[in-house]
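Shown next, in structure tokens, is the structure this report addresses.
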Amino acid sequence: MARLLFTCSHGADDPERATVPFNAACAAAVSGHTVTVVCTSDAVPLGTRGGATDVTAPRMTPVAELVDTLLASGGSIWLCSACTGPRGITDEHLLEGASIVGAATIVEEVAGGATSISLT
């Protein structure tokens, strides 16, 4: 199975663009792939407790439901450390299955063979 990194840079600012990478990541995770959603910019709150609660695009699955599906399927969420700091997000705010990582971690994963996928 593949190791896949889905990038997401939107949250409440653009619910549709937040939904698409989580939807694809869920499809990959339930299919048995090793999946991580890498959240940057406005997407970093999605990996916090309650951070995805009101992020819903018309006629699309709510992001909170997708986050739950992803994590229940063994997926993970990485939050960009450069983006969490200015927003005051620390480890104590995170969902189980989410972590704050630096760019070096992402680069190491891609250099090690993970495929990075951007859908927005």
Side-chain angles (χ1 to χ4, degrees):
M1 289 289 161
R3 171 84 177 110
L4 305 172
L5 303 179
F6 291 86
T7 60
C8 183
S9 61
H10 295 280
D13 66 306
D14 191 334
E16 184 176 1
R17 286 185 168 166
T19 302
V20 172
F22 275 94
N23 192 51
C26 286
V30 300
S31 296
H33 297 287
T34 303
V35 176
T36 299
V37 175
V38 180
C39 294
T40 63
S41 305
D42 291 320
V44 295
L46 301 177
T48 65
R49 289 185 307 279
T53 300
D54 295 322
V55 182
T56 305
R59 294 180 295 283
M60 297 180 94
T61 304
V63 174
E65 186 177 322
L66 294 171
V67 166
D68 290 346
T69 299
L70 174 69
L71 296 175
S73 299
S76 59
I77 300 172
W78 288 353
L79 308 182
C80 165
S81 62
C83 302
T84 55
R87 290 168 173 83
I89 297 171
T90 64
D91 288 338
E92 65 190 32
H93 300 109
L94 303 183
L95 295 168
E96 188 173 330
S99 56
I100 297 172
V101 303
T105 300
I106 299 164
V107 169
E108 184 177 313
E109 282 295 308
V110 173
T115 301
S116 179
I117 301 169
S118 176
L119 300 170
T120 58

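Throughout, residue positions are numbered sequentially from 1 according to the sequence presented. What's counted below: heavy atoms across the whole structure, side chains too, no hydrogens, waters or symmetry copies.
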Quick one: closest heavy-atom pair of [X] and [Y], and the distance?
| X | Y | answer |
| --- | --- | --- |
| L46 | H10 | CD1-O, 3.5 Å |
| A18 | V55 | CB-CG1, 4.1 Å |
| I77 | C39 | CG2-SG, 3.9 Å |
| P15 | A57 | CB-N, 3.7 Å |
| A52 | V63 | CB-CG1, 4.0 Å |
| C8 | F22 | SG-CE1, 4.0 Å |

Exercise for the section: Could you tell me whether D54 atom CG has more than 12 heavy atoms of other residues or ligands within 6.0 Å of it? Expected result: no
Practice task
Decide whether S76 and T36 meet the rule of one side-chain donor and one side-chain acceptor closer than 3.5 Å.
Solution key: yes
When you measure from the side chain of [X] to the backbone of [Y], do you find a donor-acceptor pair of N or O atoms at a distance under 3.5 Å?
| X | Y | result |
| --- | --- | --- |
| H33 | A2 | yes |
| R49 | L94 | yes |
| T69 | E65 | yes |

Treating Ile, Leu, Val, Met, Phe, Trp and Tyr as nodes and any side-chain heavy-atom pair under 4.5 angstrom as an edge, say whether [X] and [Y] lie in one connected cluster.
| X | Y | result |
| --- | --- | --- |
| V20 | V67 | yes |
| L66 | L70 | yes |
| V44 | L95 | yes |
| F6 | M60 | yes |
| V37 | L119 | yes |

Problem - Residues D42, R17: salt bridge by 4.0 Å N-O rule - result: no
Exercise for the section: Please assess T7 against I117 for the test side chain to side chain contact (heavy atoms under 4.5 Å, CB included), listing each intermediate value before the final yes or no. Expected result: CA-CA 6 Å; T7 60; I117 301 169; over 6 Å; no
Atom [atom1] of [X] and atom [atom2] of [Y]: how far apart are they, to the nearest 0.5 Å?
| X | Y | atom1 | atom2 | answer |
| --- | --- | --- | --- | --- |
| D68 | S73 | CG | OG | 10.5 Å |
| E109 | S116 | CD | OG | 11.0 Å |
| T48 | E92 | OG1 | CD | 11.5 Å |
| C80 | I106 | SG | CD1 | 6.5 Å |
| S41 | L79 | OG | CG | 12.0 Å |

Practice task
Answer yes or no: is there a side-chain heavy-atom contact under 4.5 Å between V110 and L5?
Solution key: yes
